[in-house]
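Input: a single structure, listed below in structure tokens.
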Amino acid sequence: MTTTTSPVLSASGVTMRFGGLTAVRSVDLTVNSGEIVGLIGPNGAGKTTFFNCLTGLYVPTEGSVTYQGSVLPPKPHLVTQAGVARTFQNIRLFANMTVLENVLVGRHTRTKEGLWSALLRGPGFKRAEAASKARAMELLEFTGLAHKADHLSRNLPYGEQRKLEIARALASDPGLLLLDEPTAGMNPQETRATEELVFAIRDQGTAVLVIEHDMRFIFNLCDRVAVLVQGQKLIEGTPDVVQSDERVIAAYIGTPFEGEPGAEEAAEVEAAEAQQSTGTGATPQSTTARTEDGQ
Ligand SMILES: Nc1ncnc2c1ncn2[C@@H]1O[C@H](COP(=O)(O)OP(=O)(O)OP(=O)(O)O)[C@@H](O)[C@H]1O
């Protein structure tokens, strides 16, 4: 459901070069308020590099990024302060802090109390601390982690660690949340719960831009999907348009086969399994492992 269409994020002509390698080439992307936008593409397509350009980790070689009409500063903490929060592909929690403490760390960009106030623990500091804690607990309720508030984050199961990363990102009260592969390593139930969580985040007024390899997740979730291939935007559109585009299919699974895709490989595997079960022990000559993203 798209509620309004004013742009929250606008990336224009973003290019990122590393020496001779152009990881992202002249990419335009807009995220409107009330939207969930997906960014997909094969491994190495430039998705994370593009995220890094949006969040101040990289300064794009060319192009500009604006958030609510203002150019974003090229420093991650200033980008967070401006209203753009993110999670990372690899979980980055403070393992020896509690769940609540991890969320409180995410609050620091929204607290104004200075060093002296903190050291002297005056009334202003205590009020701000109580308000931060209340907001952090609210976020733990929202993400379903309140009952684990006092647990060390390293003791959480993997799916809950990913949720905690989202709670921590939300602690900065962002207008836009960037999620980098939020369901990586999750089982189907956890993936489904993450989908519900992202819808709830959007419904609370935070626009979302999400990178993910799980196509079912992306096509269920997103209002719009952009596809990066070799650093360039191949196509952008509704899930229906994107998933039926032949260039997207080709980018993911390679040039179409004659006949039924994968039939030859499947037959080879079946034959080898049949031989093994009858004790002949032969191995297939050439089996090609293929996954959704062509790896
Ligand atoms: N700091 C860097 N220095 C040099 N090359 C880099 C750097 N970061 C990324 N690259 C290269 O840029 C290209 C794009 O990488 P990137 O990680 O952005 O792709 P991706 O689409 O996020 O891939 P994946 O889905 O595997 O996470 C790759 O060829 C990668 O090796």
Side-chain angles (χ1 to χ4, degrees), residues 9 11-31 36-65 72 74-77 79 84-93 158-159 161-162 165-166 169 176-186 190-191 194-195 198 208-222 224-237 239 242-243 245 247-254 288-295:
L9 179 93
S12 171
V14 170
T15 294
M16 187 71 213
R17 291 194 196 94
F18 300 108
L21 174 85
T22 305
V24 174
R25 190 186 295 272
S26 202
V27 173
D28 297 333
L29 189 76
T30 302
V31 181
I36 303 173
V37 177
L39 186 61
I40 64 171
N43 291 113
K47 304 177 297 294
T48 297
T49 303
F50 183 64
F51 258 34
N52 290 343
C53 290
L54 301 181
T55 52
L57 270 175
Y58 295 156
V59 180
T61 319
E62 287 163 30
S64 66
V65 184
L72 279 173
K75 289 268 186 290
H77 70 283
V79 170
V84 180
R86 76 174 287 180
T87 63
F88 290 85
Q89 208 168 328
N90 303 313
I91 291 177
R92 295 189 181 186
L93 293 170
Y158 182 78
Q161 291 194 6
R162 284 235 164 251
E165 279 228 302
I166 294 177
L176 174 69
L177 177 63
L178 308 186
L179 300 171
D180 196 346
E181 297 195 27
T183 72
M186 284 188 172
E190 289 170 332
T191 299
T194 304
E195 202 176 294
V198 176
V208 178
L209 177 61
V210 55
I211 294 176
E212 189 49 79
H213 283 288
D214 181 336
M215 294 299 131
R216 185 179 302 202
F217 174 82
I218 281 285
F219 292 133
N220 273 344
L221 188 72
C222 297
R224 262 186 313 124
V225 178
V227 185
L228 279 193
V229 176
Q230 294 178 1
Q232 282 179 289
K233 194 167 73 177
L234 180 71
I235 180 177
E236 180 185 334
V242 168
Q243 63 191 309
D245 189 286
R247 292 166 304 168
V248 176
I249 297 166
Y252 270 91
I253 62 172
T288 311
R290 264 173 208 281
T291 62
E292 220 171 20
D293 56 16
Q295 295 304 296

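Note that ligands are numbered from 1 as they come in the structure, with each ligand's atoms numbered from 1 the same way. Both backbone and side-chain heavy atoms feed into the values below; hydrogens, waters and symmetry mates do not.
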Could you report the tightest heavy-atom contact between [X] and [Y], atom names first, then the distance?
X: Cys53; Y: Pro60; value: CB-CG, 4.0 Å
X: Pro182; Y: Ile211; value: CD-O, 3.4 Å
X: Val208; Y: Leu176; value: N-CD1, 4.1 Å
X: Val210; Y: Phe217; value: CG2-CE2, 4.2 Å

Using a 4.0 Å cutoff against the non-hydrogen atoms of [X], which atoms of ligand 1 qualify?
X: Glu181; value: 25 (O), 27 (O)
X: Ala23; value: 12 (O), 13 (C)
X: Gln89; value: 27 (O)
X: Ala45; value: 19 (O), 20 (P), 21 (O)

Nearest-contact summary for [atom] - protein heavy atom, Å:
atom: atom 15 (O) of ligand 1; answer: Thr49 OG1, 3.7 Å
atom: atom 26 (O) of ligand 1; answer: Asn43 ND2, 2.9 Å
atom: atom 17 (O) of ligand 1; answer: Thr48 CB, 4.0 Å
atom: atom 21 (O) of ligand 1; answer: Lys47 NZ, 2.7 Å
atom: atom 19 (O) of ligand 1; answer: Gly46 N, 3.2 Å

Record the part of Tyr58 in heavy-atom contact with ligand 1 below 4.0 Å; permitted values are side chain, backbone, both and neither.
-> side chain

So for Leu21 against ligand 1, with non-hydrogen atoms under 4.0 Å, the contacting part is side chain

Atom OG1 of Thr55 and atom CZ of Phe88: how far apart are they, to the nearest 0.5 Å?
-> 6.5 Å

Distance, nearest 0.5 Å, that separates CD of Glu212 from CG of Leu39 | 11.5 Å

Sole residue of Thr22, Thr61, Val59, Leu21 in side chain to side chain contact (heavy atoms under 4.5 Å, CB included) with Met16 | Thr61

How about Glu190: does its CD atom have over 12 heavy atoms from other parts shown lying under 6.0 Å from it?
-> yes

Residue pair Val229 / Pro42, side-chain heavy-atom distance below 4.5 Å = yes

Ignoring hydrogens, tell whether any protein atom lies closer than 4.0 Å to atom 6 (C) of ligand 1; use the non-hydrogen atoms only.
-> yes

Under 4.0 angstrom from atom 31 (O) of ligand 1, is there any protein heavy atom?
-> no

Nitrogen or oxygen of Phe18 less than 3.5 angstrom from that of ligand 1 = no

Any N/O of Gly41 closer than 3.5 Å to an N/O of ligand 1?
-> no

With sequence neighbours excluded, tell me which residues meet side chain to side chain donor-acceptor pair (under 3.5 Å) with Arg25.
-> none

Backbone N or O of Pro76 within a donor-acceptor pair of the Arg86 side chain at under 3.5 Å?
-> no

Heavy-atom gap Gly44 to ligand 1 smaller than 4.0 Å = yes

Would you check whether His213 reaches within less than 4.0 Å of ligand 1, judged by its heavy atoms?
-> yes

